[in-house]
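To keep things clear, I will list the structure first and then write my remarks on it.
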Amino acid sequence: EEHGYAVDAHFVVSERQVDATILDDGELTGTAISAKPLALHPARFFEFYKAYKQCVEQVGGLIETTGARAMIATGGFVSGPSVAAAKKAGIPIALVSLDAVPGKSNRWSARSATKIFSAYDTPMLKNADVVSVPLRRSVVATATPEEAREALGLKPDVPTLLVFGGSQGGGTINQAFIEIAKRNPAQSPFKGGTWQILHLAGESDREAVAEQYELHNIPGKVLGFCGEMGLAWAAASLCVCRSGAGSVAEGWANAVPMLFLPYPFHKDDHQRMNALPAVKCGGGLLLQDQTDPKQNADELLGPLRGIMPNTSRLAQMRRALEENQPPDGAEAIAEWVVESLGL
């Protein structure tokens, strides 16, 4: 639309509830397919392959009924059958690889893609155009911090620590902050009410986190999910988060200093590498998720106590992100869509 063209988008997603929630909150049109992650165990591989074949047919039908003339694949197990269906239909395919280490699905999809975009320069995708992670306009702050905090039910004039682990929450991060809440109040980074917290804990941990914050007088608000991340980023003075490609890009676009706890169970450790550009420019710190609540509390408390009261350090980190901010990759991808559709 910003290019002056009206283009309909139909999203192909998994059957996970979080995908349905994102579609509903964004008022987006989409279809859930029963795709499964690749499994090499013989019994599970049969289930994967059966679902894969069914999903290729299902997406092929969607391409026909919607009249789709191009496909953008963003990786993950839903992309595999979707790209295969698009290739069979003979429509152009753009692969958008978001992580520093492209997964199996992305490496496979790259073979069929007519255009490859990557958020990171990687030898695994040699022919890719390197762009930043494309962002929805709604995740970029437009409100002032005071306006955003008031809209979220927070105190408008109190600096705010944003904590989240991604769209489904982060269990080890949640447990770490429960442990922090239980520690000696005299050592708390929230003592005296000089800071407050906005914690997006996921529905499974929301009540437990909120209960501990109330019990130990940690000011702020705990939500299971926030559909208005532009407000959350606008409210934030500092953030503790995973380093999925989207989280890194959103924090960077909003120039919010970040403490990264990469997801600890990925074999390729790609979240750690996702965070490195923001860390190297001075806009974030890279910590290690130890998976143990007490060890993670120890890992977090030193940086939190050092940064939260230090307004000049926070300002320096924010400036580093502002001055080194990469351009939004959505523009390059939109240009590809316009060209591919012959608009």
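Heavy-atom basis, side chains included; hydrogens, waters and symmetry copies ignored.
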* To do: Take V279 and L285 through the side-chain contact (heavy atoms from CB on, under 4.5 Å) test and state the conclusion after the steps.
  => CA-CA 6 Å; V279 172; L285 292 181; 5.8 Å; no

Nearest 0.5 Å please: distance from the [atom1] atom of [X] over to the [atom2] atom of [Y].
X    : Y    : atom1 : atom2 : answer
Q175 : Q212 : CD    : CD    : 9.5 Å
L95  : T74  : CG    : OG1   : 8.5 Å
L300 : R305 : CG    : CZ    : 10.5 Å
L198 : F164 : CG    : CZ    : 10.0 Å
E299 : L261 : CD    : CG    : 6.5 Å
Q58  : I33  : CD    : CD1   : 6.0 Å

* Verdict with supporting geometry, V130 and Y120, side-chain contact (heavy atoms from CB on, under 4.5 Å) -> CA-CA 6 Å; V130 179; Y120 295 86; over 6 Å; no

* Verify side-chain contact (heavy atoms from CB on, under 4.5 Å) between C239 and L259, making sure each step is shown before the conclusion. => CA-CA 6 Å; C239 178; L259 303 182; over 6 Å; no

In terms of hydrophobic clustering (I, L, V, M, F, W, Y; side-chain heavy atoms under 4.5 Å; direct or indirect links), are [X] and [Y] co-clustered?
X    : Y    : result
V7   : L62  : no
I307 : I180 : yes
L135 : L98  : yes
V133 : W233 : yes
L223 : L238 : no

Nearest atoms (heavy-atom pairs only) where [X] meets [Y]:
X    : Y    : answer
A234 : A141 : CB-CB, 3.5 Å
L154 : I197 : CD2-O, 3.9 Å
A148 : L231 : CB-O, 3.4 Å

Is it the case that the side chain of [X] and the backbone of [Y] share a donor-acceptor pair, with hydrogens and angles ignored and the cut-off at 3.5 Å?
X    : Y    : answer
E335 : A332 : no
D19  : E15  : no
D292 : K294 : yes
R206 : V222 : no
R318 : A255 : yes
T114 : I93  : yes
S97  : S118 : no
N106 : P102 : no

* Asked: After noting the C-alpha distance and the side-chain angles of D99 and V101, does the key distance pass the side-chain contact (heavy atoms from CB on, under 4.5 Å) rule?
  -> CA-CA 5 Å; D99 288 311; V101 181; 5.6 Å; no

For residues 40-52, tabulate all N or O donor-acceptor pairs below 3.5 Å that involve a side-chain atom, not counting sequence neighbours.
residue: H41; atom: ND1; partner: A43; partner atom: N; Å: 3.2

* To do: Could you walk me through whether N310 and S312 pass side-chain hydrogen bond (donor to acceptor under 3.5 Å, both in side chains), step by step?
  => CA-CA 6 Å; N310 191 335; S312 61; 2.8 Å; yes

Test item: side-chain donor near acceptor, [X] and [Y], under 3.5 Å:
X    : Y    : value
T160 : Q196 : yes
T172 : N174 : no
W252 : Q325 : no
N274 : S243 : no

* **Pair R149 + D157, salt bridge at N-O below 4.0 Å** => no

* Residues R183 and E179 bridged, charged N to O under 4.0 Å -> yes

* Take atom CG in N127; do more than 12 heavy atoms of anything else shown fall under 6.0 Å from it? -> no

* Asked: Taking atom CD of E214 as the centre, does the number of heavy atoms from other residues, nucleotides or ligands within less than 6.0 Å exceed 12?
  -> no

* For the residue pair H199 and Y213, categorise the inter-ring angle as parallel (less than 30°), tilted (30 to 60°) or perpendicular (more than 60°). => tilted

